[in-house]
Amino acid sequence: EVDMESSGLNFVNMNLHYFRFPFSYFLSAQKAIDVDKIVFWSSVPHLWVDQYGAEDAITVLEQARDSGVEVCAYAVRPYNYSLFYPMGTFQQECTKRYYCRNLEIASQNKISLVGIDLWGALRDIDYERQYTNCIAMLDQLCQVAKGLGCKLVVGNVSPRNSAIMNTLAELQRLVAEVDSDALCIGLDLAEAICQQERIVDWHKAFGQSLKMVYFSDARNGVTGYPLGTGCCALHLAMKELQKLKYGGLLALRMDRERCEQHPKKVDEINYSYIRRERKD
C-alpha cells in the first residue's frame with residue numbers, strides 16, 4: 001500500500017504519461033498500486049477541451065470518483081495557447097476563452113486548484129512587452145477564477161518551453177504585479193534544481209501560497225524523468241520539504257514522450273522510490 005501521508009508529504013499522481021491509453025486504464029493502474037489522489041491533466045485522449053467547447057467533463061471525472069480516486073487539482077494542457085500573446089489579438093482571445101472554459105470545468109467539478117503552465121514566450125520579441133501581456137491576461141483570469149471559487153496555480157517553466165518565467169525572481173515579480181488572492185504558486189522542483197535554486201528560498205518567498213510542487217527527476221537539464229533515474233537529489237528534497245512542513249500537493253509530473261510507452265512501470269518506479277526514501 002502507498003501510505004504517503006505518514007511521511008508528512010502529500011504525493012499525488014498525474015495522468016499525463018498515460019497519454020497513449022484511455023482514462024479508464026489510468027484509473028485501473030492507480031487502483032492496482034493503491035493510489036487514491038491525482039492531479040487531472042486535462043488533455044486528449046482523456047478530455048477534449050478547446051476555445052469553442054468541451055466534452056462532458058462531469059461524466060469523465062465521475063470515473064475517478066467511482067474508482068475511489070480524489071481529483072485534488074486540475075492541470076490545463078497548454079497546447080499552443082499562450083498568455084504572452086498581445087491583448088486584443090485573435091490568438092489572445094482564443095487563449096482567454098480556452099482557459100476560462102477550463103476554469104468553468106474545474107468549478108463545475110468542485111476542483112478549486114487549477115494549474116496553468118506559463119509556456120509560449122518567444123525569444124525574438126521584447127521581454128517587457130511579453131511580460132506585460134502575461135500580467136494583463138493573469139489579471140483577467142484571476143478575476144474569472146475568483147468568481148468561480150477557484151485559484152490559479154502558476155510557476156516556473158523550462159527555458160525549452162518559454163523564454164520567460166524560468167526563475168524564482170521572475171515569479172516573485174509576477175505575483176507582486178498581479179497581486180490577487182486567486183493566484184497561487186506551483187514549483188517545478190527539477191527545473192528549479194537545474195537553475196541552481198533552493199526549495200527553502202521558494203518556500204520563504206511564497207509561504208502558504210505555494211500550493212503545488214511538481215516532482216520529477218532530471219538528466220542533462222531535461223526534467224520529467226522517473227524518480228531516481230536522473231541527477232537530482234530528490235531524497236534530500238523530500239527531507240527539506242518535511243523540515244519546512246510543506247502541506248501542499250507533490251504532483252508526480254512525468255515527461256510524456258519519455259514515459260508514455262510504459263506508464264505503469266513509471267508509476268512502480270516512482271512509488272517504490274518514495275516508499276524507500278520514506279523508510280530511510
Side-chain angles (χ1 to χ4, degrees), residues 39 42 51 72-89 91-107 111-123 125-159 161-189 191-192 195 197 199 201-214 246-249 251 253:
V39 172
S42 174
Q51 70 268 31
C72 299
Y74 181 103
V76 185
R77 184 178 178 183
Y79 292 107
N80 288 323
Y81 299 101
S82 172
L83 275 63
F84 299 97
Y85 292 135
M87 301 299 287
T89 63
Q91 291 175 322
Q92 182 269 333
E93 288 296 327
C94 289
T95 295
K96 181 180 177 181
R97 288 200 298 268
Y98 173 68
Y99 283 115
C100 285
R101 192 171 304 283
N102 278 283
L103 282 166
E104 290 166 0
I105 289 171
S107 178
I111 304 169
S112 60
L113 290 179
V114 179
I116 292 180
D117 288 317
L118 300 177
W119 290 13
L122 304 177
R123 304 188 193 287
I125 297 179
D126 179 71
Y127 181 103
E128 287 299 326
R129 192 191 321 165
Q130 292 187 91
Y131 194 98
T132 300
N133 294 339
C134 183
I135 296 297
M137 177 72 88
L138 278 175
D139 278 333
Q140 294 184 20
L141 292 178
C142 281
Q143 292 177 30
V144 174
K146 193 168 185 177
L148 292 169
C150 298
K151 290 184 180 294
L152 289 180
V153 181
V154 301
N156 58 324
V157 298
S158 169
N161 296 320
S162 181
I164 299 177
M165 305 305 176
N166 313 130
T167 66
L168 169 58
E170 289 174 301
L171 267 296
Q172 285 180 289
R173 178 186 170 189
L174 178 140
V175 168
E177 294 193 20
V178 174
D179 192 24
S180 171
D181 56 8
L183 187 67
C184 299
I185 293 298
L187 164 62
D188 189 321
L189 180 61
E191 290 292 351
Q195 294 283 345
E197 295 176 344
I199 296 171
D201 293 328
W202 277 81
H203 192 269
K204 182 179 179 180
F206 301 115
Q208 294 300 313
S209 293
L210 182 60
K211 298 294 186 184
M212 187 116 65
V213 172
Y214 291 112
Y246 170 69
L249 300 175
R253 182 164 73 175

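Just so it is clear, the values below take in all heavy atoms, side chains as well, and ignore hydrogens, waters and symmetry mates.
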Taking it one step at a time, do Val175 and Ser209 satisfy side chain to side chain contact (heavy atoms under 4.5 Å, CB included)? CA-CA 10 Å; Val175 168; Ser209 293; over 6 Å; no
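- For the pair Gln195/Asn156, no side-chain contact is recorded, criterion being any heavy-atom separation below 4.5 Å from C-beta on.
- Between the side chain of Tyr81 and the main chain of Gly120, no donor-acceptor pair closer than 3.5 Å is present.
- Side-chain contact between Val76 and Asp117: absent, with no pair of heavy atoms (C-beta onward) separated by less than 4.5 Å.
- Screening residues 134-153 for side chain to side chain donor-acceptor pair (under 3.5 Å) gives Lys96-Gln140, Lys146-Asp181 as the qualifying pairs, with residues at least two apart or on separate chains.
- For the atom pair Asp179 CG and Ile135 CD1, the distance stands at 10.5 Å (nearest 0.5 Å).
- For the atom pair Leu189 CG and Tyr214 OH, the distance stands at 13.0 Å (nearest 0.5 Å).
- In this structure, Glu197 contributes its side chain and Trp202 its backbone to no donor-acceptor pair below 3.5 Å.
- Remark: Arg173 engages Glu128, Glu177 in a salt bridge (Lys or Arg N to Asp or Glu O under 4.0 Å) (not counting sequence neighbours).
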Donor-acceptor contacts, no H, no angles, side chain residues 162-171, under 3.5 Å, sequence neighbours left out:
unit_1: Ser162; atom_1: OG; unit_2: Leu118; atom_2: O; d: 3.3
unit_1: Ser162; atom_1: OG; unit_2: Ala121; atom_2: N; d: 3.3
unit_1: Ser162; atom_1: OG; unit_2: Ile164; atom_2: N; d: 3.3
unit_1: Ser162; atom_1: OG; unit_2: Ile164; atom_2: O; d: 2.9
unit_1: Asn166; atom_1: ND2; unit_2: Val157; atom_2: O; d: 3.0
unit_1: Asn166; atom_1: ND2; unit_2: Ser162; atom_2: O; d: 3.0
unit_1: Thr167; atom_1: OG1; unit_2: Glu170; atom_2: N; d: 3.4
unit_1: Thr167; atom_1: OG1; unit_2: Glu170; atom_2: OE1; d: 3.2
unit_1: Glu170; atom_1: OE1; unit_2: Met165; atom_2: N; d: 3.3
unit_1: Glu170; atom_1: OE1; unit_2: Asn166; atom_2: N; d: 2.7
unit_1: Glu170; atom_1: OE1; unit_2: Thr167; atom_2: N; d: 3.1
unit_1: Glu170; atom_1: OE2; unit_2: Tyr127; atom_2: OH; d: 2.5
unit_1: Glu170; atom_1: OE2; unit_2: Met165; atom_2: N; d: 3.4

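- Ser82 places none of its side-chain heavy atoms less than 4.5 Å from the side chain of Met137.
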Might you work through the side chain to side chain contact (heavy atoms under 4.5 Å, CB included) test for Tyr99 and Leu83, ending with a clear yes or no? CA-CA 10 Å; Tyr99 283 115; Leu83 275 63; 3.4 Å; yes
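- Screening Leu141, Val153, Val154 for a side-chain contact (heavy atoms from CB on, under 4.5 Å) involving Leu183 leaves a single residue, Val154.
- Minimum interatomic distance between Pro159 and Glu191 (heavy atoms only, all atoms of both residues): CD-OE1, 4.2 Å.
- Every residue two or more places apart in sequence or in another chain that forms a side-chain hydrogen bond (donor to acceptor under 3.5 Å, both in side chains) with Arg77 is listed here: Ser43.
- When all heavy atoms of Leu152 and Ala145 are compared, the closest pair comes out as CG-CB, 4.2 Å.
- Residues meeting the side chain to side chain contact (heavy atoms under 4.5 Å, CB included) test with Thr89, sequence neighbours left out: Tyr85, Pro86, Gln91, Gln92.
- Cys150 approaches Ile111 most closely through the heavy-atom pair SG-O, 3.7 Å.
- Looking only at distances, a side-chain donor or acceptor of Ser107 sits under 3.5 Å from a matching main-chain atom of Leu148.
- Within the 3.5 Å criterion, the main-chain N or O of Asp126 finds no donor-acceptor partner in the side chain of Tyr131.
- Listed by chain and number, the residues in a salt bridge (Lys or Arg N to Asp or Glu O under 4.0 Å) with Asp201 are Arg198 (sequence neighbours excluded).
- Judged by distance alone, the side chain of Tyr246 and the main-chain N or O of Val213 form a donor-acceptor pair under 3.5 Å.
- A 4.5 Å side-chain heavy-atom check between Ser42 and Asn102 finds at least one atom pair inside the cut-off.
- Atom CZ of Phe206 and atom CG of Leu187 lie 9.0 Å apart (nearest 0.5 Å).
- Note that the CG atom of Asn133 and the CE atom of Met87 stand 7.5 Å from one another [nearest 0.5 Å].
- Side-chain contact between Asp188 and Arg253 is present, with heavy atoms from C-beta onward closer than 4.5 Å.
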